[in-house]
Structures are given as C-alpha cells and as structure tokens.
A.B. asks: 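Let me begin by handing over the structure; questions about it come next.
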Amino acid sequence: MDGLPNSDTLGFMADLSGHTADEQAWLVRDEARWRRAHEIAAEQPGMDVSGVYRVLRNLEKTPSERLRAALQHGRLFSTPQR
C-alpha cells in the first residue's frame with residue numbers, strides 16, 4: 001500500500017490520523033473484507049453478511065489460530081456435564 005489510507009481507499013470519510021500505520025492498514029483491509037462479504041452475500045439471497053465476513057476473517061488465519069479460537073469458543077459456550 002502506498003501512502004496512508006484516505007477516504008478514497010476506504011470509500012467513506014474517515015480521519016485515521018489518530019491511529020498507527022499498522023492500525024490504519026488493518027482498517028483498510030477490514031473495510032475491503034466487509035465489501036467482499038457484501039458482494040458474496042448479494043449473490044445468495046438470505047445469506048448473512050456478518051457470517052460471510054467471519055469466514056473471510058478465518059480464512060486469513062493459520063489452522064492453529066483457527067483451532068485455538070474454536071477451543072476457546074467451546075470453553076466459553078459449552079454446556080455443563082451432568
């Protein structure tokens with residue numbers, strides 16, 4: 001990415017000057033991810049955009065990162081054993 005993100009790269013007016021370069025880059029990538037999620041969901045009526053977004057986020061993670069997150073999620077939302 002050349003230069004700092006701006007309203008042209010984000011597609012909306014945003015003042016990112018209070019963020020570090022890494023945070024700004026993440027915000028630009030995240031906005032692109034949301035746009036892609038909307039494009040995919042638009043092709044499938046009734047598809048949940050936020051679900052598509054989560055899948056796109058998970059595809060960027062390594063298998064071990066996905067496993068770790070799934071195990072943590074399972075601990076948080078597991079039902080007690082009787």
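FYI, the numbering just counts along the sequence from 1. Every value quoted in this text rests on a predicted model; they were computed, and no experiment measured them.
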A.B. asks: Nearest heavy-atom pair of Ala41 and Val49: which atoms, and what distance?
C.D. replies: CB-CG2, 3.5 Å

A.B. asks: Which residues pass the side chain to side chain contact (heavy atoms under 4.5 Å, CB included) test with Arg36, not counting sequence neighbours?
C.D. replies: Glu39, Ile40, Leu56

A.B. asks: Out of the candidates Glu65, Arg66, Lys61, only one should pair with Pro63 under the side chain to side chain contact (heavy atoms under 4.5 Å, CB included) rule; please name it.
C.D. replies: Arg66

A.B. asks: For Tyr53, which of Asp48, Asp30, Asn58 qualifies under side chain to side chain contact (heavy atoms under 4.5 Å, CB included)?
C.D. replies: Asp30

A.B. asks: CD of Glu60 to CZ of Arg33: how many Å apart, nearest 0.5 Å?
C.D. replies: 4.0 Å

A.B. asks: Measure the spacing between CZ of Arg35 and NE2 of His38 and express it to the nearest 0.5 Å.
C.D. replies: 10.5 Å

A.B. asks: Find out if a path of hydrophobic residues (ILVMFWY) with successive side-chain heavy-atom gaps under 4.5 Å connects Leu16 to Trp26.
C.D. replies: yes

